[in-house]
Amino acid sequence: MSYLMSNYAPLEVTFIKGEGCYLTDTKGDKYLDALSGVGVVGLGHCHPSITKAIQTQAAELLHTSNWYHIQHQEVLAEKLCNLSNMDNAFFANSGAEANEAAIKIARLHAHANHIDNPVILSAKQSFHGRTMATLSATGNEKVQVGFSPLVSEFIHIDFNDISAIKAHTSNKNIVAIMLEPIQGESGVIVPADDYLNQVQAICQANDWLLILDEVQTGIGRTGKLFAYQYNDITPDVLTLAKGLGNGVPIGACLAKGKAAALFTLGTHGSTFGGNPLACKTALSVLDTIEKDKILDNVVQMGEYLVANLQSKLTTNKVVEIRSKGLMIAIQLNQDCTELLNAALKKKLLINITGRSIRLLPPLIINQVEADNIINTLDELLSIL
Ligand SMILES: Cc1ncc(COP(=O)(O)O)c(C=O)c1O
């Protein structure tokens, strides 16, 4: 009997140690982690600089409260805003909470414009979290089933389809559009190059906020610090989590321009959000990404992995490979759920999303580790 409430269905393995791209289980067996704790541990497990920052901060001060100034939080907000061209930041503890803050900003934007029943456009097959508002924003019924009534203000439109957005421009209740720049949980769906440019133009023409959920794509995962930097835009609201703390929980909601002025004193808050430990860790993550030129490695290893997956996975079961940086999905022409356990037996950690194998390896991955992933996947595909 387990004392844990059900959530995910865990694989039959327990990890007790991690170093770089590898995890070690209770039996002492080592696994290559091509998933990074679902895009979290970008700098690898127990990166020495991050461990040192955590240890030093833990010995100094873990938590005070947002009732007092927090030095590292102020420095982190300034750093993130400078890096992203945003104006200010709110800190939370997870991606869903960062998105909750974004949705609350959209409501304040609505009420400032005397719109009483605000609607936010979000995309089909999107994923924004598991709280009531964020699962309502999520365009996937599996996440929503059993939890009705949902928060009613979301209309789900086709992703990567500008006409689907334009079809709603006459709806005066729409106040924002919330999108992942690349859809992660639904299998690395990469939109057309100018999609976000066009979305922003529609938002500006209609006074809608552009909310970009970069919980998964942010902090270097795609080869830029933020995926929207592949476009010629700055969102009104930007949400981050996952890679920002390299495993220490932290979420952030950044805002720009009019969106940055909507939270006023007392309108939103968090007990833990932005505490000294989380912020010091995030500062150390950003410093390490810069110092170790991690973005260059993401671009280089992303190209290496995709080129070699394309040339070495010769089976006709592969339909296409979708990717941006180290966000990679290998779409097959058949169900491949069984590969999850088969990969585990071969000491490789992957994710299966629909008919795709999804890879989110640490951003520090090297060529030997990339070759190991490619060769193991090649062997796995032969057993399908
Ligand atoms: C794009 C995106 N948004 C939000 C979330 C939710 O983040 P969290 O699980 O930290 O609440 C996720 C998690 O996978 C995500 O991929």
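Ligands are counted one by one from 1 in listed order, and the atoms in each one are counted from 1 as well. This structure is a prediction, so every number in the text was calculated from the model and none was measured.
In K242, the part holding a heavy atom less than 4.0 Å from any atom of ligand 1 is the side chain. Within the 4.0 Å heavy-atom criterion, the part of E185 lying near ligand 1 is the side chain and not the backbone. Only the side chain of N99 comes within contact range of ligand 1, with a heavy atom under 4.0 Å; no backbone atom does. Looking at H128 against ligand 1, only its backbone comes within 4.0 Å, counting heavy atoms.
Taking only non-hydrogen atoms, the option from T217, L240, V215 nearest to atom 5 (C) of ligand 1 is V215.
Residue Q216 has at least one nitrogen or oxygen atom sitting less than 3.5 Å from a nitrogen or oxygen atom of ligand 1, judged on distance alone. The distance criterion of under 3.5 Å between nitrogen or oxygen atoms is met by A96 with respect to ligand 1.
The ring of F159 has its center closer than 6.0 angstrom to the ring center of Y195.
Of all protein heavy atoms, the one closest to atom 3 (N) of ligand 1 is D213 OD2, 2.7 Å.
Near E180, the atoms of ligand 1 lying under 4.0 angstrom from a non-hydrogen atom of the residue are 1 (C).
Between T169 and N206, the side chains place no donor N or O within less than 3.5 Å of an acceptor N or O (distance only, hydrogens not considered).
Within the 4.0 Å cut-off (strictly below), no protein heavy atom is located near atom 9 (O) of ligand 1.
Classification of the F90-H268 ring pair by plane angle, with boundaries at 30° and 60°, yields tilted.
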